[in-house]
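We name chains A, B, ... by the order of the sequence lines, and we start the count at 1 in each one. Because only heavy atoms are used, hydrogens play no part in the values below, and waters and symmetry mates are left out as well, while side chains stay in. Not measured: the values here are computed from a predicted model.
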Amino acid sequence: MIPKYNPEAIEKKWQVRWEADDLYQVDENSKRPKWYALTMFPYTSGDLHIGHWYAMAPSDVHARFKRMRGYNVLHPIGFDAFGLPAENAAIKHGIHPYTWTMQNVENMRRQLKTLGAMYDWRRELITCLPEYYKWTQWFFLKLYEAGLAYRGEAPANWCPKCKTVLANEQVVGEGHCERCNTPVVRRDMEQWFFRITKYADELLEYEGVEWPERIKLMQRNWIGKSIGVEISFGLDYENVDEKEIRVFTTRPDTIYGVTFLVFAPEHPLVAKLTTPDHEEEIQRYIERARSQTEIERLSSEKEKTGVFTGAYAINKLNGEKVPIWIADYVLLTYGTGAVMGVPAHDQRDFEFAQDYNIPVHVVIAPEGWCGEELEEAYIEAGTMVNSAQFNGMSSDLGKEAISDFIEAQGYGKRTMSYRLRDWLISRQRYWGAPIPIIYCPKCGIVSVPEGDLPVLLPEDAEFKPTGESPLEYCESFVNTTCPKCGEPSRRETDTMDTFMCSNWYFLRYTSPGYDQGPFDPAKLAYWMPVDQYTGGAEHATMHLFYARFFNKAIRDLGLVNFDEPFTRLFNQGTIVMERQKMSKSRGNVVNPDEYVAKLGADTVRGYLMFVGPWDQGGGWDDSGISGIWRWLNRVWALTLEGQDTSELPPMDQAMVDQLRRQTHKTIKKVAEDIEKFRFNTMLAALMEFTNYLSRAREGHSVTNAAWNEAIESLLLLLAPTAPHMTEELWERTGHAYSIHTQSFPSWDSELVSEEQFTLVVQVNGKLRDRVTVAADISEHEAREIALNRERVQAHTDGKKIEEMIYVPGRLLNLVVSK
RNA sequence: GCCGAGGUGGCGGAAUGGCAGACGCGACGGACUUAAAAUCCGUUGGGCUUCGGCUCGUGAGGGUUCGAAUCCCUCCCUCGGCACCA
């Protein structure tokens with residue numbers, strides 16, 4: 001009798017053994033090529049849920065596979081530990097954010113260890129510990145010294161009742177505070193920014209990296225580069241200093257069709273230009289616009305609204321006086337915060353003009369246009385009309401000609417505009433890395449000297465609902481002296497956006513505990529850049545984008561010498577529960593622990609990979625998990641039963657040959673699928689192989705070399721997916737510890753080449769017959785065979801064969817007519 | 001709304017220009033059992049069938065092609081992101 005598969009005992013046993021033997025520790029002293037396999041580190045929200053395992057298990061399989069393929073694999077883990085949820089827990093449950101976070105870390109670490117991943121735990125890092133955030137602050141100072149950090153004004157969500165800044169997540173319904181339901185307002189504050197826009201053009205390029213097209217596309221659209229012209233319109237007002245206003249347009253060819261200008265409601269010139277009779281209305285409109293979210297403002301579905309300021313500007317090209325409006329769909333952050341309105345050739349302007357009775361001047365004639373009114377904006381190219389000396393030109397040529405003219409006259413210049421905005425990193429919160437800046441009444445803004453880092457978070461902060469960071473009320477923290485002149489000064493009390501912490505954690509993994517800098521340059525040079533990064537696609541325009549910017553910034557400081565931090569990227573899909581992304585804050589989490597306790601980590605790992613393509617994610621449903629459990633039990637039994645001595649007859653040569661072919665075909669399929677993250681079909685191939693082996697051994701003794709090769713290969717192919725069970729079986733089948741230091745099997749190309757294939761015969765595209773034929777059959781032979789088949793003749797008799805389409809190795813399609 | 005991805009049996013999915021439904025779940029039938037669980041064997045998209053097959057079928061509609069789940073156009077639905085959740 002063979003023993004039962006008991007994952008509970010097996011998994012714990014091997015986890016202890018691997019840890020005791022340092023099986024997964026790696027260093028730089030290896031003859032193997034390096035491979036840095038990075039998984040996005042989890043946020044310390046509480047328990048790990050099944051969504052975390054969905055990210056971790058397959059990436060571990062890939063890392064293990066790379067190790068078996070001969071690489072020196074670094075596969076580290078850590079915790080993203082600063083952020084809003086810890087502070088919310090502090091306010092709600094009176095627990096200190098540090099305590100809350102570290103309890104979560106401890107729990108998540110315990111859960112992660114049950115996964116059986118090959119993490120090198122010596123390298124674990126936690127971003128909220130001073131030994132880590134010291135260097136987050138150090139990087140801030142480096143960026144500040146390089147002129148990449150600056151102070152500027154930006155609005156924040158403000159609850160007037162709670163007197164606190166709210167994250168977007170805390171604004172619920174139609175702009176209400178989640179705690180007291182008070183309408184949220186926007187309040188301007190002095191805050192810190194990183195100059196990410198300086199790298200906009202370089203961030204559009206992906207030199208030497210293999211990233212999914214869809215992520216690159218999202219980032220490119222996020223940057224939103226447009227090529228166009230900045231044109232100035234004249235202003236003639238005694239009480240206004242500015243004598244002109246510049247607008248950005250991608251359509252200089254439509255400049256003669258401008259019938260109005262639109263300013264963002266927040267534009268600083270609005271107050272000066274508005275005439276007294278329009279002041280009240282303008283003021284009301286500005287307030288309303290500021291209470292709206294950007295998504296609402298930019299919705300092309302909702303009705304366009306706007307208000308006339310009473311002021312006019314001059315179109316310098318034709319001397320026309322055009323009214324100046326304000327409208328919420330114009331954003332101060334894009335272009336110059338003002339746009340020209342050309343209703344004839346822009347749909348949004350067209351709708352706006354219709355609503356407010358603004359004239360429509362056609363300047364690009366559609367084909368066959370005879371001066372009639374337009375039903376909708378004509379946005380295509382055409383022939384220029386009503387455009388002075390440019391009449392008769394194609395609009396494509398006109399674009400260049402008018403740009404030249406504008407530049408020659410000094411009315412403006414060709415330029416680029418970007419949707420991308422600088423990165424606001426200030427948070428009026430406690431649980432983040434303090435920004436290491438001191439405000440001195442004499443010296444102004446002063447950096448904290450490097451030797452004084454880290455600027456520690458005070459332990460005794462209070463979490464009062466005021467608009468300021470809790471640090472503001474912590475006298476021992478705020479009050480300090482100027483490092484330059486010694487005068488009493490105040491510290492910056494805002495902390496940094498947590499995306500700053502995740503900008504460089506993967507650099508720290510290369511040399512944890514290093515205290516001469518954020519990383520040991522020699523070790524960094526060995527491991528970086530990351531060879532394979534995996535994580536959720538929801539980070540496309542946030543973390544993955546910030547990290548690229550940060551890398552380029554520190555490269556220009558000479559700290560690293562590569563242009564991109566992540567050479568290959570793979571984004572797994574999202575596990576959805578109750579139609580939403582699984583997350584603690586949504587309260588729709590499923591904990592993996594009970595599945596692990598019942599069926600073992602190997603089954604859970606396998607099931608998460610089997611449910612579908614990894615990049616697709618999907619709804620969580622555990623109904624199929626027993627399939628993996630049953631399969632692993634069959635593998636267990638198949639492996640151990642084979643060792644029984646048997647008096648059955650041996651396999652004949654044909655069976656042995658077929659067994660070897662199946663083994664090698666499976667090796668090839670599994671290797672290629674893991675390499676490309678196609679785990680679901682990889683497991684299907686292993687299941688088919690298991691089914692095949694079960695049948696093959698029926699009625700035969702299995703004491704031959706081919707059988708041993710098959711079983712050995714099966715265990716090795718399964719080792720990355722089910723590391724515990726295969727380690728146990730490896731030992732029980734008399735192999736030396738450990739299966740995880742073995743090489744991945746390779747396949748014999750002769751054994752995987754097909755000798756025969758199934759020729760599909762179609763008549764008019766419909767399947768009519770199948771014939772097994774030799775792999776090297778000629779087209780002529782294929783035709784002969786097909787035409788002689790009864791089933792084919794039934795559909796061709798009495799009809800004329802017009803054409804025969806032959807696809808070698810696949811099919812023959814007979815095209816017939818009546 | 002904008003940007004990105006997706007929609008195939010009762011369910012998860014396979015097939016990405018050439019055999020639709022691999023593999024697994026579930027369901028049904030059988031074996032074993034006093035019984036159940038577990039395990040093993042078989043059947044399983046719909047309709048028709050003389051049991052040889054025929055026919056319909058991949059969100060909806062149209063198109064390209066000898067041939068479309070796959071490519072193109074229009075529409076519908078779902079998911080992720082939209083700059084302070086991370």
Give a yes or no on whether a donor-acceptor pair under 3.5 Å exists between the nucleobase atoms of B:C84, that is its base, and the side chain of A:Q428. yes

Nucleotide B:U65, atom C1' - distance to CD of A:Q762 in whole Å: 13 Å

The glycosidic conformation of B:G52, counting syn as within 90° of 0 and anti otherwise, is syn

Between B:U39 (P) and A:W636 (CH2): distance, integer Å: 16 Å

Remember a base hit wins even if backbone is also touched, and classify A:E698 as base, sugar-phosphate or nothing at under 4.0 Å, heavy atoms. nothing

What distance separates A:D622 CG from A:I50 CD1, expressed to the nearest 0.5 Å? 8.5 Å

Looking at B:C84, I'd like to know if its phosphate oxygens (OP1 or OP2) sit under 4.0 Å from a side-chain N or O belonging to A:R427. yes

Under the side chain to side chain donor-acceptor pair (under 3.5 Å) rule, what do A:Q191 and A:Q428 come out as? Steps first, then yes or no, please. CA-CA 9 Å; A:Q191 309 193 62; A:Q428 295 71 40; 3.0 Å; yes

Heavy atoms under 4.0 Å, any strand shown: does A:I805 hit a base, just sugar-phosphate, or nothing? base

A:R220 near the nucleic acid: base, sugar-phosphate alone, or nothing, with a heavy-atom cut-off under 4.0 Å? nothing

Is there a donor and acceptor pair closer than 3.5 Å between the side chain of A:Q191 and the base of B:C84? yes

Quick one: look up who B:C66 pairs with, Watson-Crick or G-U, both distances under 3.5 Å, and put none if it's unpaired. B:G18

Rounded distance [0.5 Å steps], CE in A:M682 versus OG1 in A:T721: 3.5 Å

What's A:W222 touching, base or sugar-phosphate or nothing? Going by heavy atoms closer than 4.0 Å. base

Nucleotide forming a Watson-Crick or wobble pair with B:G26, both distances under 3.5 Å: B:U44

Between the base of B:C3 and the side chain of A:N221, is there any donor-acceptor pair under 3.5 Å? no

How is A:P613 classified with respect to the nucleic acid when contacts are heavy atoms under 4.0 Å: base, sugar-phosphate, or nothing? sugar-phosphate

May I ask you to say what A:N680 touches in the nucleic acid, namely base, sugar-phosphate or nothing, with a heavy-atom cut-off under 4.0 Å? sugar-phosphate

Regarding A:E802, tell me which of base, sugar-phosphate or nothing describes its non-hydrogen contacts under 4.0 Å with the strands shown. nothing

Strictly by Watson-Crick or wobble contacts shorter than 3.5 Å, is anything paired with B:U39, and which nucleotide is it? B:A31

B:C79: pairing nucleotide in any strand, Watson-Crick or G-U under 3.5 angstrom: B:G4

What is the nucleic acid contact for A:L420, judged by heavy atoms within less than 4.0 Å: base, sugar-phosphate only, or nothing? base

Once you apply a heavy-atom cut-off of 4.0 Å, does A:S426 come out as touching a base, just sugar-phosphate, or nothing? base

Scan A:D615 against the nucleic acid and name what it touches under 4.0 Å (heavy atoms): base, sugar-phosphate only, or nothing. nothing

With the 90 degree cut-off around zero defining syn, does B:G81 come out syn or anti? anti

Which distance, rounded to the nearest 0.5 Å, do you find between the OH of A:Y206 and the CD1 of A:I215? 9.0 Å

What integer number of Å spans the P atoms of B:A69 and B:G57? 10 Å

Touch class at under 4.0 angstrom, heavy-atom based, for A:V611 against every strand present: sugar-phosphate

Taking only residues two or more places apart in sequence or in another chain, which ones pass salt bridge (charged side-chain N to carboxylate O under 4.0 Å, His left out) with A:E87? none

What's A:Y43 touching, base or sugar-phosphate or nothing? Going by heavy atoms closer than 4.0 Å. sugar-phosphate

Closest nucleotide among B:C84, B:G18, B:G80 to the A:L424 side chain: B:C84

Measure from the side chain of A:R768, starting at C-beta and using heavy atoms only, and say which of B:G12, B:A86, B:U55 lies closest. B:U55

Mind checking whether A:W629 and A:Y595 have ring centres under 6.0 Å apart? no

Are A:R548 and A:Q219 close enough that a side-chain donor and a side-chain acceptor fall under 3.5 Å? yes

Report the nucleotide, chosen from B:C84, B:G18, B:C85, that has the shortest atom-to-atom distance to any side-chain atom of A:V165. B:C84

Specify the separation, in whole Å, of atom CG of A:N88 and atom P of B:A86. 9 Å

With P as the reference atom in both, quote the distance from B:A22 to B:U33 in angstrom, rounded to an integer. 33 Å

Touch class at under 4.0 angstrom, heavy-atom based, for A:L217 against every strand present: sugar-phosphate

Base, sugar-phosphate, or nothing: which does A:H543 touch, judged by heavy atoms less than 4.0 Å apart? nothing

Atom C1', compared across B:C79 and B:U74: separation rounded to whole Å: 22 Å

